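Accompanying notes for the structure given below.
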Amino acid sequence: MNAGPSDPSPPRPDSNPERPDRNLAIEIVRVTEAAAMAAARWQGRGDKESGDQAAVDAMRKMLDTVEMDGTVIIGEGEKDEAPMLYNGERVGTGHPPEVDIAVDPVDGTRLLAEGRPGSLAVMAASPAGAMFDPGPCVYMEKLVVGPEAADVIDLDRPLQDNLRVIAEALGRKVRELTVMMLDRDRHEEAKRQIREAGARLQLISDGDVAGAILAAWDDRPQVDVLYGIGGTPEGVVSACAVKALDGQQLGRLWPRNDEERRDALERDFDLDAVMTKDDLVSSEDCFISCTGITPGQLLRGVTFDRSGAITDSLVMRSKSGTVRSIRARHRTQKLRRYASVRY
């Protein structure tokens, strides 16, 4: 039968088709799930170090099963201070692809130790050489927005002016914006400016990776802007998610003291430069997985019952823009038969 005028046209063949390739994020979600389940056993016990170490150990063992030749660019610290998942450590099976790895086994160790909402297990990956290595620069100033305001922000512009143009881009008034920011003494002036501008301010005690994702993700309208001075490693991890969500992230390195400033300048870091998400992660094909440890705005936390645990994760790939929500049931009796991780 001939197609009638109202029939939909068949898809046109792509003159230069690209074969679907491997989505590494689907594999690394097993890594963040393992870290989250191990860390969640320490929820509310007041012991940050043990909770973090449990996540590191679980993440390290699962990473060794992933088919990749990975180098940790953002890890738990230098080798002497971090026996596993240190900067420069090789992870994976050693087979291609070659990738840069950023890990934060517990983003929000204090949240976990105190049983507060919002701690996550996070891992990001990109092709080798794509991730910005912050070197001695522990902190950076950050500004994160979603797709509609991605082209209007400018870190050299006063904060109140940024809020005005963000509101205009969203078709709203400044008083209708919600700005998320870490509750730190260094942010007193920024707090004042945000409140004088009329925007709502949501202060968080820790965990600005989740805040960056919430600000960039237009499907989750609770937060419009993330602003403030936070961890540079978390900024690199967040950039992978912001790229997948088509938002924008701007950052500028923020030395904590004269010694850190001298060290950064000696290593040729430009402390005045404003970096975009593409400066922090240069590849268009990066991956990120995060799994909730304690329940928060972004993800539900790990819940345990008689048969095992339930985890809630987000998995993103920037190349395709695909965001997957994965809620998984783990039966620990079966896992313990073959897994070396202590769940």
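Bear in mind that the values here come from a model prediction, so they are computed numbers and not experimental data.
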Counting only heavy atoms not in [X], do more than 12 fall under 6.0 Å of its [atom1]?
X: Asn257; atom1: CG; result: yes
X: Arg261; atom1: CZ; result: no
X: Glu188; atom1: CD; result: yes

Judged by atom type as modelled, is there a donor-acceptor pair below 3.5 Å linking the side chain of [X] to the main-chain atoms of [Y]?
X: Lys142; Y: Gly231; value: yes
X: Arg175; Y: Arg200; value: no
X: Asp224; Y: Thr178; value: yes
X: Lys243; Y: Cys286; value: no
X: Thr294; Y: Gly118; value: yes
X: Glu89; Y: Leu85; value: yes

Report whether [X] and [Y] are members of the same hydrophobic cluster (ILVMFWY, side-chain heavy atoms less than 4.5 Å apart, transitive linking).
X: Leu214; Y: Val225; value: no
X: Ile74; Y: Met59; value: no
X: Val122; Y: Leu182; value: yes
X: Val179; Y: Leu143; value: yes
X: Leu111; Y: Leu314; value: no

Supply the atom-to-atom distance [X] [atom1] to [Y] [atom2], rounded to the nearest 0.5 angstrom.
X: Ile326; Y: Ile26; atom1: CD1; atom2: CD1; value: 5.0 Å
X: Ile229; Y: Met181; atom1: CD1; atom2: CE; value: 9.5 Å
X: Leu203; Y: Lys191; atom1: CG; atom2: NZ; value: 5.0 Å
X: Glu196; Y: Ile194; atom1: CD; atom2: CD1; value: 11.0 Å
X: Asp64; Y: Arg60; atom1: CG; atom2: CZ; value: 4.0 Å
X: Leu112; Y: Asp52; atom1: CG; atom2: CG; value: 8.5 Å

Could you list the donor-acceptor pairs under 3.5 angstrom formed between side-chain atoms of residues 128-140 and any protein atom two or more places apart in sequence or on another chain?
| residue | atom | partner | partner atom | Å |
| --- | --- | --- | --- | --- |
| Asp133 | OD1 | Gly135 | N | 3.1 |

Taking salt bridge (Lys or Arg N to Asp or Glu O under 4.0 Å) as the test, write out the residues that go with Glu266, two or more places apart. none

Where do Thr322 and Arg317 land on the side-chain hydrogen bond (donor to acceptor under 3.5 Å, both in side chains) test, with the steps shown first? CA-CA 6 Å; Thr322 302; Arg317 185 182 190 183; over 6 Å; no

List the steps and the verdict of salt bridge (Lys or Arg N to Asp or Glu O under 4.0 Å) for Arg192 and Glu189. CA-CA 5 Å; Arg192 184 190 65 76; Glu189 175 59 22; 2.3 Å; yes

With salt bridge (Lys or Arg N to Asp or Glu O under 4.0 Å) as the test, would you mind laying out the steps for Arg184 and Asp206 before giving the verdict? CA-CA 10 Å; Arg184 299 289 187 269; Asp206 296 278; 3.2 Å; yes

What are the two closest heavy atoms between [X] and [Y], and how far apart are they?
X: Val242; Y: Ala216; result: CG2-CB, 4.0 Å
X: Leu155; Y: Leu250; result: N-CD1, 3.6 Å
X: Asp279; Y: Thr276; result: OD2-N, 2.8 Å

Assess whether salt bridge (Lys or Arg N to Asp or Glu O under 4.0 Å) is satisfied between Arg267 and Asp263, documenting all intermediate values. CA-CA 6 Å; Arg267 300 196 201 185; Asp263 192 3; 3.1 Å; yes

Counting C-beta onward and ignoring hydrogens, is there a side-chain heavy-atom pair between Pro96 and Asp69 closer than 4.5 Å? no

Is a donor from one side chain sitting under 3.5 angstrom from an acceptor on the other, for Thr291 and Thr311? no

